[in-house]
Amino acid sequence: MKIHVTIYLLAGLVLSQLTVLAQTDTIKPGEVWPDAQGNHIQAHGGGIIKVKNDYFWYGEQRRQGLDTNYRYVSCYTSKDLVNWKFKNDVKIAKPDTVLDKWVIERPKVYYNSKTKKYVMYMHVDGQVKSTTPNQKPTSGYGYARVGVAISNKPTGPFKVLKTFRPLGHESRDIGQFIDDDGTAYLIFEDRPYGFRIAKLSDDYLSVEKEMCLIPYHMEGGAIVHYNGLYYAIGSALTGWSANPNKYATATSLAGPWTDFKDIAPPETKTYGAQSTMMIKVVGSKKTTVIFMGDIWKPKTQWDSRYLWMPVEIGDGKLWLPKPGPWKLDVKTGEATVIKN
Ligand code: GAL
């Protein structure tokens with residue numbers, strides 16, 4: 001009996017030590033970011049929501065060996081935004097028979113506290129097949145729609161309800177913004193016109209009202225509301241290649257927006273990253289805004305990395321410092337960049 005208890009105690013001690021080893025408090029931009037099982041996090045073009053005490057990170061699952069009949073949206077959870085546990089790959093079947101070479105990109109999930117549903121928006125695209133002999137198939141991004149899927153649980157399964165063009169407009173890269181009052185918005189790139197911000201319906205299942213069109217061609221749209229000002233950021237349209245991301249500000253989502261300015265020295269091309277979201281961490285001592293970007297590796301997508309850094313923000317200015325390892329305390333909201 002005594003021996004058994006001792007063995008259990010020892011095993012418990014070893015396990016707790018291993019857990020301690022697996023935990024980290026440091027975010028290392030550009031490096032492999034292991035999840036709790038040691039696998040590189042696959043949540044590209046992602047978005048993050050907080051529901052009660054848990055953060056959920058959804059993104060493009062791009063690991064090798066996936067069933068190519070489907071596309072997958074990954075879901076990870078965390079309490080501290082640094083240590084992430086893989087929960088599920090949400091399986092998405094082809095949502096429309098007219099599609100060839102289809103993609104699901106930049107998935108974003110909203111939690112609707114009234115309906116208690118998790119609502120996923122995603123960029124659905126691909127080549128639209130020709131239906132008559134005279135008609136040519138479109139380009140690989142000719143569908144230009146959003147897809148909406150719904151689930152009772154954060155980890156799925158999600159049921160795809162529909163695909164559509166929000167308020168009748170083309171929609172490619174999408175971004176998610178939830179304001180301090182809880183109102184949910186979708187940011188979408190409308191190629192002929194620019195960057196649109198629109199409010200979702202009460203049940204989040206449709207895009208209800210356009211707040212504004214920023215007539216500037218931008219992808220990877222992201223917004224944060226900080227100290228009474230809205231800051232919108234985005235990248236130029238250069239596909240997987242990095243470019244200088246820029247920001248503008250406005251006192252209301254409806255604008256007017258200022259001109260766009262660089263968020264980092266333009267020659268660094270945003271240190272090789274493309275914006276996907278800005279997260280605001282409101283802690284007991286500080287409010288920190290984190291730039292979340294993707295460092296794409298087009299030929300080895302599964303090895304694409306992340307650039308997350310706390311930004312310098314305030315009084316209409318936003319600046320992404322040179323990336324380096326940093327620590328985050330979600331409770332106090334303090335971010336500490338580790339000096340070499
Ligand atoms: C980027 C876009 C990505 C993906 C890529 C394809 O500009 O932000 O989400 O669509 O183009 O080339």
Side-chain angles (χ1 to χ4, degrees), residues 41-48 57-63 66 68 71-74 90 92 94-96 99-109 120-128 137-147 163 165-166 169-177 186-197 214 216-223 232-247 260 263-264 266 268-278 291-308 320:
I41 294 174
Q42 295 283 344
H44 313 284
I48 288 183
W57 181 359
Y58 298 89
E60 298 162 18
Q61 170 58 266
R62 289 188 178 273
R63 81 180 139 75
L66 292 167
T68 53
R71 305 293 178 265
Y72 297 88
V73 173
S74 56
V90 175
I92 310 280
K94 183 155 83 174
D96 193 334
L99 281 169
D100 254 344
K101 298 178 186 157
W102 59 290
V103 294
I104 295 289
E105 290 181 343
R106 298 186 176 269
K108 305 284 179 283
V109 173
M120 181 187 293
Y121 274 73
M122 54 200 137
H123 171 200
V124 182
D125 225 319
Q127 197 172 52
V128 180
T138 68
S139 73
Y141 280 87
Y143 191 65
R145 291 185 180 210
V146 288
T163 68
R165 287 193 166 175
H169 300 294
E170 291 184 21
S171 175
R172 291 189 175 82
D173 274 11
I174 56 166
Q176 170 179 32
F177 172 59
L186 183 77
I187 305 158
F188 60 99
E189 193 252 325
D190 178 7
R191 193 58 53 95
Y193 301 99
F195 175 93
R196 292 189 194 265
I197 304 165
I214 306 181
Y216 196 93
H217 295 285
M218 242 167 34
E219 295 189 312
I223 293 176
I233 59 169
S235 75
L237 277 58
T238 56
W240 301 121
S241 313
N243 57 63
N245 291 191
K246 292 178 188 291
Y247 80 99
F260 279 85
I263 68 165
T268 70
K269 297 188 176 166
T270 324
Y271 301 102
Q274 183 189 20
S275 53
T276 186
M277 182 172 252
M278 281 187 285
F291 168 89
M292 257 177 81
D294 295 284
I295 301 178
W296 298 108
K297 299 210 179 169
K299 296 208 178 85
T300 49
Q301 283 280 5
W302 55 90
D303 190 33
S304 295
R305 308 288 171 88
Y306 310 97
L307 192 169
W308 286 23
L320 173 69

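Atoms within each ligand, like the ligands themselves, are counted from 1 in listed order. Everything numeric in this text was worked out from a predicted model, so none of it was measured.
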Atoms of ligand 1, numbered as shown, that sit under 4.0 Å from any heavy atom of Glu105:
4 (C), 9 (O), 10 (O)
Which one holds for His123 and ligand 1: side chain close, backbone close, both close, or neither close, with close meaning a heavy atom under 4.0 Å?
neither
Where the side chain of Asn245 meets the backbone of Thr270, is there a donor-acceptor pair that is under 3.5 Å apart?
no
What verdict does the salt bridge (Lys or Arg N to Asp or Glu O under 4.0 Å) test give for Lys94 and Asp96, after you've listed the backbone C-alpha separation in whole Å, the side-chain angles of each residue and the deciding distance to 0.1 Å?
CA-CA 6 Å; Lys94 183 155 83 174; Asp96 193 334; over 6 Å; no
Find all atoms of ligand 1 within a distance of less than 4.0 Å from any non-hydrogen atom belonging to Gly239, and give their numbers and elements.
1 (C), 7 (O), 11 (O), 12 (O)
Between Tyr141 and Glu105, is there a side-chain donor-acceptor contact under 3.5 Å, judged purely by atom types and distance?
yes
At what distance is the nearest protein heavy atom to atom 8 (O) of ligand 1, and which residue and atom is it?
Asp173 OD2, 2.5 Å
Provide the number and element of each atom of ligand 1 under 4.0 Å from a heavy atom of Glu219.
1 (C), 2 (C), 7 (O), 8 (O)
Is the closest side-chain heavy-atom distance between Met292 and Trp57 below 4.5 Å?
yes
Return yes when Trp296 approaches ligand 1 closer than 4.0 angstrom through a heavy atom, no otherwise.
no
Within the distance-only criterion (no hydrogens, no angle test), does the side chain of Ser275 pair as donor or acceptor with the backbone N or O of Gly220 below 3.5 angstrom?
yes
Under a 4.0 Å heavy-atom limit, does Arg106 contact ligand 1 with its side chain, its backbone, both, or neither?
side chain
Compare all side-chain heavy atoms of Glu170 with those of Arg165 and state whether any distance is below 4.5 angstrom.
yes
